[in-house]
2 protein chains.
Amino acid sequence: MKDKELTTEQKIKYVQDTLFVISGKWKLPILIAMNQGCYRFRDIQRSVLPITTRVLSRELKDLEENKLVIRTVYDAPKTVEYTVSPYCKSLKPLVDEMIKWGQNHRRKISGK
Amino acid sequence: MKDKELTTEQKIKYVQDTLFVISGKWKLPILIAMNQGCYRFRDIQRSVLPITTRVLSRELKDLEENKLVIRTVYDAPKTVEYTVSPYCKSLKPLVDEMIKWGQNHRRKISGK
DNA sequence: CATATTGGTATCCTATAGGTTATTGATATC
DNA sequence: GATATCAATAACCTATAGGATACCAATATG
């Protein structure tokens with residue numbers, strides 16, 4: 001664990017793992033919306049429009065498999081609730097970097 | 001510029017911008033290889049195998065359009081050289097975060 | 001009891017990313 | 001002068017991501 005010296009191949013592998021989990025058109029928008037307080041399926045859909053139920057359903061499953069989202073079913077009244085897991089917080093530094101970089105990049109490309 | 005308060009929509013937009021620039025199977029592997037000292041087309045290809053010339057060519061163009069890579073043509077002897085731009089250094093914190101997160105995530109998923 | 005909303009699934013379709021293979025003209029090497 | 005290497009491009013193919021539309025059973029609401 002104190003082995004900070006990664007080979008180039010390892011670095012590439014880990015970066016690709018990360019990309020695999022968070023990339024795609026909707027995953028981060030969904031997580032950001034959920035962090036804003038959306039926890040019901042339709043609420044999430046409405047705040048990440050125009051995503052379809054089909055795609056949202058698959059994305060939530062992927063996120064659940066990666067332990068970033070927790071799906072809970074309550075009865076009385078029967079409802080389904082999605083929440084970001086505690087583990088999901090570990091993404092924050094990464095997402096913050098992405099926001100920062102994207103913001104700066106837009107300035108850079110659109111001629112300052 | 002001191003406006004740190006971004007709306008959810010802005011955050012999502014910037015994150016998507018960033019993803020658009022760096023995602024895909026090869027972009028970061030290429031940049032990592034170039035940082036390791038590869039600057040000739042064939043050198044880059046060999047260190048990011050099994051990428052094909054077709055894909056490498058397109059990726060380098062994309063990276064050039066995003067000002068992350070600089071393409072220089074020399075004559076006498078006529079050679080083409082690709083280098084990472086100074087601006088590319090701005091990606092380092094992000095890529096480091098991705099390496100870190102991916103490494104930890106692998107542990108997390110593969111049952112610790 | 002009729003209608004709307006919930007959390008989805010089933011089909012089908014399109015666009016894009018990426019892969020395969022062959023070829024190019026220009027130089028370099030033997 | 002033949003062969004190999006360079007930096008690509010062309011034509012074609014496949015797999016996957018994502019979108020369109022319809023539908024479902026279960027519950028809630030008017």
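The structure displayed is predicted, hence computed values, not measured ones.
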(message) Between B/Thr79 and A/Val55, which residue's closest nucleotide on DNA chain D lies nearer the 5′ terminus?
(response)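 That would be B/Thr79.
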(message) Using heavy-atom distances to pick each residue's nearest nucleotide on DNA chain D, tell me which of A/Thr53 and B/Leu60 is more 5'.
(response)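 Counting from the 5' end, the first nearest nucleotide belongs to B/Leu60.
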Distance in angstrom units between [X] [atom1] and [N] [atom2], rounded:
{"X": "A/Arg58", "N": "D/dA17", "atom1": "CZ", "atom2": "C1'", "answer": "7 Å"}
{"X": "B/Asp62", "N": "D/dA8", "atom1": "CG", "atom2": "P", "answer": "14 Å"}
{"X": "A/Leu56", "N": "D/dG19", "atom1": "CG", "atom2": "P", "answer": "11 Å"}
{"X": "B/Asp75", "N": "D/dC6", "atom1": "CG", "atom2": "C1'", "answer": "15 Å"}
{"X": "B/Arg54", "N": "D/dT9", "atom1": "CZ", "atom2": "P", "answer": "11 Å"}
{"X": "A/Gln45", "N": "D/dA20", "atom1": "CD", "atom2": "C1'", "answer": "13 Å"}
{"X": "B/Tyr74", "N": "D/dA7", "atom1": "OH", "atom2": "P", "answer": "13 Å"}

(message) Once you apply a heavy-atom cut-off of 4.0 Å, does A/Lys27 come out as touching a base, just sugar-phosphate, or nothing?
(response)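 Since no nucleic acid heavy atom lies under 4.0 Å of A/Lys27, the category is nothing.
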(message) So A/Pro77, base contact, sugar-phosphate only, or nothing? Heavy-atom distance under 4.0 Å.
(response) sugar-phosphate
(request) Please list, in 5' to 3' order, the outermost nucleotides of DNA chain C lying under 4.0 Å from any heavy atom of chain B. (result) C/dG18 to C/dA28
(message) Would you say B/Arg46 places a side-chain N or O within less than 4.0 Å of OP1 or OP2 belonging to D/dT5?
(response) no
Once you round to the nearest 0.5 Å, how far does [atom1] of [X] lie from [atom2] of [Y]?
{"X": "B/Glu59", "Y": "B/Ile51", "atom1": "CD", "atom2": "CD1", "answer": "6.0 Å"}
{"X": "B/Lys11", "Y": "A/Asp96", "atom1": "NZ", "atom2": "CG", "answer": "7.5 Å"}
{"X": "B/Thr83", "Y": "B/Asn35", "atom1": "OG1", "atom2": "CG", "answer": "10.5 Å"}
{"X": "A/Asp62", "Y": "A/Ile22", "atom1": "CG", "atom2": "CD1", "answer": "13.5 Å"}

(message) Is it the case that the base of D/dA7 and the side chain of B/Arg42 share a donor-acceptor contact (distance under 3.5 Å, atom types as modelled)?
(response)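 Such a pair exists between side chain and base.
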(message) Please say yes or no: joined through hydrophobic side-chain contacts below 4.5 Å, possibly via intermediate residues, are A/Val48 and A/Val80 part of one cluster?
(response) yes
(request) Would you mind telling me which of D/dC6, D/dG18, D/dA8 lies closest to the side-chain atoms of B/Arg40? (result)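 The closest nucleotide is D/dC6.
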(request) Tell me which of A/Glu81 and B/Gly24 sits closer to the 5' end of DNA chain C, going by the nucleotide each one is nearest to. (result) A/Glu81
(request) Could you please spell out the steps behind the side chain to side chain contact (heavy atoms under 4.5 Å, CB included) verdict for B/Arg71 and B/Leu60? (result) CA-CA 9 Å; B/Arg71 180 180 183 274; B/Leu60 286 171; over 6 Å; no
(message) Would you call the rings of B/Tyr87 and A/His105 parallel, tilted or perpendicular, taking 30° and 60° as the class edges?
(response)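 Parallel: the ring planes of B/Tyr87 and A/His105 meet at under 30°.
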